Amino acid sequence: MQKKYIPSDIEAKWQKIWDESGMYTADDSSSKPKRFVMEMLPYPSGASLHVGHMLGYVATDVYARFSRMSGYNVLRPVGWDAFGLPAENYAIKTQTLPQESTAAAIKASIEQLKRTGMGYDWAREVNTSDPDYYKWTQWLFIQFYKEGLAYKKTAAVNWCPKDQTVLANEQVIDGKCERCDTEVEQKELEQWFMAITKYADELLEDLDHIDWPASTKAAQRNWIGRKEGIEITYAIDGSDETVTVFTTRPDTNFGATFIAMAPEHPLVEKITTPENQKSVSDYIESVKNKTELARESEGKDKTGVFTGSFAINPLNGAKMPIWISDFVLSGYGTGALVGVPGHDMRDFDFAFKFGLPIVRVVIGSDGDTSPITSAAQVQEEEGKMINSGFLDGMDIHAATEKMMDHIEKEGYGKRVVSYHLRDWLISRQRYWGAPVPMIYCEKDGWNPVPESELPVLLPTDVDFQPTGESPITRSKTFQEGVTCPVCHGNARREVDTLDTFVDSSWYFLRYCDASNTKEAFAKEKVDKWMPVDLYIGGDHATTHLIFARFFVKALRDMGLLSFDEPFARFFKNGHILGEDNRKMSKRWGNVINPLDLITKFGADTMRMYEMFMGPLEDSKSWSTSGVEGIYRFLNRVWTLMQTEATDATPDKEALFMMHTSIKKITDDIEALQVNTAVSHFMKWYNFLSERKHISQEEKEIFLKLLAPFAPHMSEELWHDLKGEAAESIHKQSWPVSDNQYLARNEALIVVQVNGKLRGNLTVENSEAGDQAKVEALARQDAKISSWISTGVKKVIFVPGKIINFVV
RNA sequence: GCCGCGGUGGUGAAAUGGUAGACACGGGGGCCUUAAGAGCCCUUGCCUUUACCGGCGUGGGGGUUCGAGUCCCCCCCGCGGCACCA
């Protein structure tokens, strides 16, 4: 009597048994080699997970199951990135508490993940909004503070007027808030920062030592934006003040005709002459009211105002007027630049608009030596120096070095390295996050909350509507009885909360020691499990992935751990789009809920289909008929496994196919080329089904290889095969391919004429490397001989593979 | 503009410099069935052809090679990151 494949009959049953068996529990004391395999932790806001989220999770699960069967001690944890704006906004919209809506979202997600058959070690579950977790987030913040890596300063920061909070640079996309797409404003505010720039060079260099996608590494390199240049200090005519600029191209400085400073530059006030006072302050006022986006979109239409002061160019004694313009960024370099309008487009636009002199100091390959009067003549990237004294005739790049040497020798400048990377702004004026654990006292300033008093609990007596100041300000209890840790006088707590990226910068460390109540994590446990051997997730190159790297390096320098990088291998999974090629969203009605799919086809079909869709790193659209195809395939496998197995050992062809399959599927999983692994199952199935007989051994190996992909079905069939009392298939050893079966008796030799396929020969393996023999056989072939009748000039022979006649 | 990744049938896609299109989806035809569905079998890059044979074919143009989807040069297009960064 053949059983029918009814996924719902078997999946819940096995999930329960696996859960109770504890077979996914990672062993802290095992002597087996470890593998730490994880996906980016889910973000439980209002909407539940859709099939797109599952892509990376399933891939991680396949890899973890494969690793476990391959003899590794596997750590595969799960957690919740539970704090944060979307969850808070969702709570406001639905008039619930974020505590409640988040808990509900987590509950729903757990069901989805469990019913997908994920093999997590639930004992290590982490929830970043749990006081038992954020206690240690706060503790870590204090350690950063003690090291001088967390500090408070007043700076121009990004402000989202809709979400009513500051944002990190990394959260501003094209001048807009990454969450709500509102144009970001600049505000001068006192905020907490993390000194990630101290690690800029190491963050850059260590990219060479980690196995990450080229695009992610490139994005981080761009973001760090290391540039070698020089800071030049100019005297200001008739003043004791000096102005320092940063430039990467001092070679053109004989052509410098003005200085431009950011409106925020501290020198502005001091050097503005009385008659320019009004126009300067008017300009600064007008700039303040512009959004960042408006400032950027000005492009060629530069704005600016003259301060009335001049800087002296020591190269030629030229008096360079000092202007203020908002195209100069206060945060980059020194916040001031030297304008060389002949050889920089932006400087040209500025000088052209305000009638400043333009001097040619470079001749490009066009040979033009005439005065520069149009943008087309601006020579930026190549050429030879002219009108530049000791640099004349030199290539611009050599001249750059020579000029830097000159300036350093003359003592008015120094080579420096400049970065695009800014310190990370971590305080937020919102409710749903970990309170910054700091106390302010008039007398002693800022001091950390004593560690014995952690966690600083998020108060619940709060109306958390965003107003621009932290909602915690409105709590009646939060400031009760707060005293200064130094003088014990009256004091107040910091009311801002930490950016959620702080929470997610160390959660992988907590996974290593999730229930530790004495420490954030024990060093020896973290050192045992870390670094993460495989990390799968979305492309958060310039946010989470750079913050986590910074955290690990900083914690290493504090002696809390002893490795350099958190994620030895990172794999970026693509997105799954709706069947209509649009992003899955309620708005388009194209969302596929995993539970609906599981109900209809089973978790194994969903898993297998997602692995089969295409390369894991590519984005691709959902296809219902594709799902059905996989469902049909699993049904065929089910039927095949119901057929009576022969006792005979597999014949040579069957062994060849079996060992080829072991090798192919093993290599593909290791490389995460899961789509071709699945297609190989189909190939092997097609082979077995054509032969109409299958041995016990083939069944066993097939099921073992299938287990990571279709854990429920393979487990059920495994027990059909081995008896009810048999040990779980997921505890079996991964099959190993044996090279002796990969050799075949016969070889197929492709025959080409002038590189074009004209036929093929099947020869005994022993003769496949014998050119004379193969050549003779090929020449005898009637079809071939007609192609080479005009005479053979040359024969190329690749033993066992190809013979090519050149005629 | 700079950096990175891509471009292969109707579709998703395979191919250590060595038979391009594996494996699927979809399509066409057939078997089974009163019928539908399921299942099974055949077929399916394009052109020519009843068929065979052949020709063409991996964004475009050059090159290296006995042989190029794959390597090199130039160009076009798409996606992603950065961007008034001095």
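Just so you know, these numbers use all the heavy atoms, side chains as well, and skip hydrogens, waters and symmetry mates. Because the structure is predicted, anything quoted here is derived from the model rather than measured.
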What nitrogen or oxygen pairs link the protein and nucleotides 38-46 of chain B at under 3.5 Å?
none

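- Remark: A:Y631 engages A:Y5, A:P7, A:F601, A:T605, A:N635 in a side-chain contact (heavy atoms from CB on, under 4.5 Å) (not counting sequence neighbours).
- A distance of 6.0 Å or more separates the ring centres of A:F681 and A:F633.
- Residue A:S625 has its side chain nearest to B:G26 when only B:U19, B:A13, B:G26 are considered.
- Comparing B:U19 with B:G6, their C1' atoms sit 26 Å apart, to the nearest whole Å.
- Note on residues 787-807 of chain A: no pairs pass ring pair (Phe, Tyr, Trp, His ring centres under 6.0 Å), not counting sequence neighbours.
- Across B:A24, B:C5, B:C82, the shortest atom-to-atom separation from the side chain of A:A214 is found for B:C5.
- Taking atom C1' on both B:G45 and B:C40, the two are 26 Å apart, rounded to the nearest angstrom.
- When the P atom is compared between B:G7 and B:G59, the two are found 7 Å apart, to the nearest whole Å.
- Taking the C1' atom of each, B:U64 and B:G17 are spaced 12 Å apart, rounded to whole Å.
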So which protein nitrogen or oxygen atoms get under 3.5 Å of nucleotides 64-73 of chain B's nitrogens or oxygens?
unit_1, atom_1, unit_2, atom_2, d
B:C66, OP1, A:K794, NZ, 3.4
B:C66, O2', A:N804, ND2, 3.3
B:C66, O2, A:N804, ND2, 2.4

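- Nearest to the side chain of A:N675, among B:U19, B:C23, B:A14, sits B:A14.
- With both ends at atom P, the span from B:U8 to B:C71 equals 16 Å, rounded to whole Å.
- Out of B:U19, B:C23, B:A13, the shortest distance to the side chain of A:P615 is found at B:A13.
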Please list, pair by pair, any protein nitrogen or oxygen found under 3.5 Å from a nitrogen or oxygen in nucleotides 78-81 of chain B.
unit_1, atom_1, unit_2, atom_2, d
B:G81, N2, A:N222, ND2, 2.9
B:G81, N3, A:N222, ND2, 3.3

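- With sequence neighbours left out, A:K794 forms a side-chain contact (heavy atoms from CB on, under 4.5 Å) with A:I796, A:V806.
- A salt bridge does not link A:R632 with A:E628: every distance from a Lys NZ or Arg NE/NH1/NH2 to an Asp or Glu carboxylate oxygen is 4.0 Å or more.
- The same atom, C1', is picked in B:U70 and in B:U65; the two are 13 Å apart, to the nearest Å.
- Distance check on atom P: B:G60 versus B:C53 gives 27 Å, rounded to whole Å.
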